[in-house]
S.K.: 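Just passing along the structure, written as structure tokens.
Residue numbers start from 1 in every chain, and the chains themselves are labelled A, B, ... in the order their sequence lines are given, proteins ahead of strands.
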There are 2 protein chains.
Amino acid sequence: MNGQPKVPVPTLARLATYYSLLREAEEAGVETLNSARIEGLSGIAATQIRKDLSRFGELGKPGVGYNVSELREHIGKILKLDRVQHVVIIGAGRLGQALAAYPGLADYSFEVVGLFDSDAKKIGKTLSGHLVRDVATLSKSLPGLGARIVAIAVPASSAQGAADAAFAGGARWLLNFSPTHIKSPADCLVRDVSFTQEFAVLAHYSEDK
Amino acid sequence: MNGQPKVPVPTLARLATYYSLLREAEEAGVETLNSARIEGLSGIAATQIRKDLSRFGELGKPGVGYNVSELREHIGKILKLDRVQHVVIIGAGRLGQALAAYPGLADYSFEVVGLFDSDAKKIGKTLSGHLVRDVATLSKSLPGLGARIVAIAVPASSAQGAADAAFAGGARWLLNFSPTHIKSPADCLVRDVSFTQEFAVLAHYSEDK
DNA sequence: TACTGTGAAGCGCTTCACAGCG
DNA sequence: CGCTGTGAAGCGCTTCACAGTA
């Protein structure tokens, strides 16, 4: 998709974890952190942490560790959290509202710039601090909102329609919270978050001893 | 006594996908489905599907495919969705409410038997159809609720405390929706669902302007 | 001495090619 | 012939052992 060195998704996920933990350490005034301490804070093995970070250059100092703010900044650049990322949310139900109001998003420089729904009772109202707009207008208004990322928080039956409207509006990165498979153009990336899947995995383990 | 063969987590996740899609096919009156059709419905490669299913015996018929209701039932047993799974949710904020009311949970035979919060304004009220109870009483009331699985939907700052109360009440399987690492006893299993992590992974792929 | 960086080994999931059965 | 089941190859992430550096 772009010409940068490919970073494995599991690594990216861990980088997001480091980022969040480094933010907290920075606010607490911690200046350096070594891989063993990061393991204690994150549950991720120290060797794994060093391996992840070494991919991007020599970020740490032997005998000392990693400089907290430098490392946070560096990871921010890799994850592109060094700029504001505009996000649009489709679906103003409980989940959509939860996402729209989620404080964690702001911590990562995500900004919700639009909340859409198809329910006439919700359109025009302000929910979770956002004006609810008609999803029928999505594909036309999306380019003007400058949103790179669209989150789908609608029931399974309307998910593909919502996604198609997003694609028509130029969206290329989707986070799909609906429990259904979304067919997407080849140059688009859809990431699924399935609550039921997570519960089901846990259920499988629920009886062994 | 763990006599069952270990099933990889990625496989379990896909089984949950098959299960959901088979439910729909069953309701639509479809009797058989072959791996190519399941690929079309799920986006999962046909060879992967056959490999996944072959692990549990010869479930399909060459030249025909898989019997929809038989397969759904079989997967239900593997994932232990053939019985009601009681779930307790800690945190009655927007996310906790979204989970408590999520229709997908009922489709998988999950039943929310308790919704807890620490906010005195919420305790005693009914939200998303559930009475909100005081989280301070959680560890005592948990055994009586018969919940195997506990979902943590509280802010990061109270997540460890909520988890500890759940562990004290005998919970051993946690779904953690808070953006923080939870320390858990060795015989407990914590699965993390991090919205910000998912957004961050997507952000990495977003194009430079 | 304390800690990072890294080549190599290890391991598990995925993909392939094709055997086997209805 | 159509479609599943499977041993084997492929591949990528993780873990290990230790070299290298402040």
S.K.: Could I get the full list of salt bridge (charged side-chain N to carboxylate O under 4.0 Å, His left out) partners for B/D52, not counting sequence neighbours?
M.R.: B/R14
S.K.: Pair up each side-chain donor or acceptor in residues 111-118 of chain B with any protein partner under 3.5 Å, not counting sequence neighbours, and list the distances.
M.R.:
| residue | atom | partner | partner atom | Å |
| --- | --- | --- | --- | --- |
| B/D117 | OD1 | B/D119 | N | 2.9 |
| B/D117 | OD2 | B/A92 | N | 2.6 |

S.K.: Excluding sequence neighbours, so at least two apart, what forms salt bridge (charged side-chain N to carboxylate O under 4.0 Å, His left out) with B/E24?
M.R.: none
S.K.: Give the rounded distance in Å between these two atoms: CG of A/L33 and C1' of C/dC3.
M.R.: 13 Å
S.K.: To the nearest angstrom, how far is B/E58 atom CD from D/dG5 atom C1'?
M.R.: 7 Å
S.K.: According to ring-ring contact (aromatic ring centres under 6.0 Å, His included), does anything in residues 64-95 of chain B pair up with another residue at least two apart or in another chain? List the pairs.
M.R.: none
S.K.: Do the side-chain N or O atoms of A/Y66 get closer than 4.0 angstrom to the phosphate oxygens (OP1, OP2) of C/dA2?
M.R.: no
S.K.: Who are the salt bridge (charged side-chain N to carboxylate O under 4.0 Å, His left out) partners of B/E58, not counting sequence neighbours?
M.R.: none
S.K.: Using a 4.0 Å heavy-atom cut-off to protein, can you give one letter per nucleotide of nucleotides 7-18 of chain C, 5' to 3': B if the base is in contact, S if only the sugar-phosphate is, - if neither?
M.R.: BB----SSB---
S.K.: How long is the line joining CD1 of B/I49 and P of D/dC3, in whole Å?
M.R.: 14 Å
S.K.: If I take atom NE2 in residue A/H74 and atom C1' in nucleotide C/dT4, what distance separates them, rounded to the nearest angstrom?
M.R.: 15 Å
S.K.: Send over the distance from B/E70 CD to D/dT4 P, rounded to a whole Å.
M.R.: 14 Å
S.K.: For B/N34 and D/dG5, give me the distance from atom CG to atom P, rounded to whole Å.
M.R.: 12 Å
S.K.: So does A/K80 get a backbone contact from the side chain of B/H204, meaning a donor-acceptor N/O pair under 3.5 Å?
M.R.: no
S.K.: Give the rounded distance in Å between these two atoms: CZ of A/R37 and C1' of C/dA2.
M.R.: 12 Å
S.K.: In whole Å, what is the span from the CZ atom of B/F56 to the C1' atom of D/dT4?
M.R.: 16 Å
S.K.: Which comes earlier along DNA chain C counting from the 5' end, the contact point of A/V64 or that of A/S54, where each point is its nearest nucleotide?
M.R.: A/V64
S.K.: Just checking B/F195 against A/F177, ring centres under 6.0 Å apart?
M.R.: yes
S.K.: With a 4.0 Å cut-off on heavy atoms, is B/L59 in touch with a base, just the backbone sugar-phosphate, or nothing at all?
M.R.: sugar-phosphate
